[in-house]
Structures are given as C-alpha cells and as structure tokens.
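This structure is a prediction, so every number in the text was calculated from the model and none was measured.
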Amino acid sequence: EVQLVESGGGSVQAGGSLRLSCAASEFGFGDYTIGWFRQAPGKEREGVSCISDLDRSTYLADFVKGRFTISIDSAKNTVYLQMDSLKPEDTAIYYCGAERVWAQTIYYCQNPGRSHGYWGQGTHVTVSS
C-alpha cells in the first residue's frame with residue numbers, strides 16, 4: 001500500500017524553525033512531483049512548496065519565499081521542508097502530497113484540490129507569538 005508519512009511538526013515560538021519530513025513507502029519518487037501543502041482552520045488547502053524528482057524544478061509560494069526551503073533525497077524517498085523564521089500565520093496542518101505528473105510543478109502546487117495523487121495524514125505546526 002502506497003503511503004506518505006509526514007513527521008517533524010510541533011510547536012515553536014515565532015522566529016523559530018522546524019524541519020518537516022515526508023517519507024514514501026511502496027514507490028519511488030522517480031517520476032513524481034512531491035509537495036508540501038497546508039490547511040489552517042476554516043481555510044482551503046494551499047500549496048507551500050513542491051519539487052519534481054524528475055527535473056528537480058521547484059515552486060515556492062510567495063508567502064514563504066526567503067523562509068522555507070524544499071529538498072529531496074531520492075535514495076531515501078524522502079522530501080524535506082526546512083521552515084525558518086516561522087510566523088504565527090504559518091500555523092496549520094501540513095500535508096505531503098505526491099502525484100505522477102511531469103513539467104507541472106507549479107500547476108500541481110497551486111491546485112491541490114485538483115490532485116489525483118497521494119496524500120499523507122498531515123502533521124501539525126503551531127507557531128506562537
């Protein structure tokens with residue numbers, strides 16, 4: 001059974017850092033685009049950052065540019081999201097997603113509601129002021 005397992009969430013104060021991990025089981029990332037999405041209470045799920053394992057193209061939402069970094073370790077089938085300078089508005093459940101799409105990193109990240117791929121269970125991130 002294909003699974004995406006997130007880890008690394010938690011509670012931090014504003015200005016702090018967290019590193020999220022997304023590990024895939026039963027499939028390799030080889031021709032997938034993988035992304036981090038988040039959903040705050042009462043809001044729709046939005047794309048934070050995505051990366052293609054095929055061509056290593058990346059997308060980073062404007063609201064996290066300069067603060068978050070996405071990376072991938074193909075050998076470990078794991079994608080990371082390094083989150084620095086966290087703000088209270090970053091508080092949300094963060095989900096890892098993966099879909100077998102090519103050359104659509106930006107579209108995949110900006111349209112999570114249209115994804116037909118896989119999703120993890122989510123990990124909570126709480127940033128206090």
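A distance-only check finds a donor-acceptor pair linking the side chain of T91 to the backbone of V127 [under 3.5 Å]. Side chain of S49 to backbone of Y59: a donor-acceptor contact under 3.5 angstrom is found. The backbone N or O of V101 lies less than 3.5 Å from a partner atom in the side chain of T33, making a donor-acceptor pair. Judged purely by atom type and a 3.5 angstrom limit, R114 has no side-chain atom pairing as donor or acceptor with the backbone of Q110. Using modelled atom types, no side-chain atom of S115 and backbone atom of P112 make a donor-acceptor pair closer than 3.5 Å.
Contact check for L18 versus F68: no side-chain heavy atoms found under the 4.5 Å cut-off. Looking at E99 and Q104, their side chains never come closer than 4.5 Å, going by heavy atoms from C-beta outward.
The shortest heavy-atom contact between F29 and L4 is CE2-CD2, 4.3 Å. Scanning all heavy atoms of the two residues, the minimum distance from C50 to G35 falls at SG-CA, 3.5 Å. Nearest heavy atom pair, residue G47 against residue A61, reads O-CB, 3.6 Å. S57 and T105 make their closest contact through OG-OG1, 2.8 Å (heavy atoms, listed as atom of the first residue, atom of the second, distance). Summarising the geometry of R38 relative to A92, their closest heavy-atom pair is CB-CB, 3.9 Å, with the distance given to 0.1 Å.
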Could you check K65 against D62 for salt bridge (charged side-chain N to carboxylate O under 4.0 Å, His left out), going step by step and ending with a plain yes or no? CA-CA 5 Å; K65 281 182 178 177; D62 287 343; 3.1 Å; yes
Candidate pair Y95 and L20, rule side chain to side chain contact (heavy atoms under 4.5 Å, CB included), full reasoning: CA-CA 10 Å; Y95 296 91; L20 305 183; over 6 Å; no
Walk me through whether M83 and Y94 qualify under side chain to side chain contact (heavy atoms under 4.5 Å, CB included). CA-CA 12 Å; M83 305 188 296; Y94 283 71; 3.9 Å; yes
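Here ring-ring contact (aromatic ring centres under 6.0 Å, His included) pairs that include residues 31-50, with residues two or more places apart or in two chains, are F27-Y32, F37-Y108, F37-W119.
Once rounded to the nearest 0.5 Å, the distance linking CG of L81 with CD1 of I34 reads 13.0 Å. Taken from CD1 in I106 to OG1 in T58, the straight-line distance is 9.0 Å, to the nearest 0.5 Å. Here the CD1 atom belonging to I93 is positioned 9.0 Å from the OG1 atom belonging to T126, to the nearest 0.5 angstrom.
Evaluation of the side chain to side chain donor-acceptor pair (under 3.5 Å) rule for N77 yields no partner, not counting sequence neighbours.
A donor and an acceptor atom, one from each side chain of R19 and S71, are nowhere located under 3.5 Å apart.
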Just distance, no hydrogens or angles: give the donor-acceptor pairs under 3.5 Å from side chains in residues 5-17, sequence neighbours left out.
{"residue": "E6", "atom": "OE1", "partner": "Q121", "partner atom": "N", "Å": "3.0"}
{"residue": "E6", "atom": "OE1", "partner": "G122", "partner atom": "N", "Å": "2.9"}
{"residue": "E6", "atom": "OE2", "partner": "C96", "partner atom": "N", "Å": "2.8"}
{"residue": "E6", "atom": "OE2", "partner": "G122", "partner atom": "N", "Å": "3.1"}
{"residue": "S17", "atom": "OG", "partner": "D84", "partner atom": "OD1", "Å": "2.7"}

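For Y80, the OH atom sits in a packed shell: over 12 heavy atoms of surrounding residues, nucleotides or ligands are nearer than 6.0 Å.
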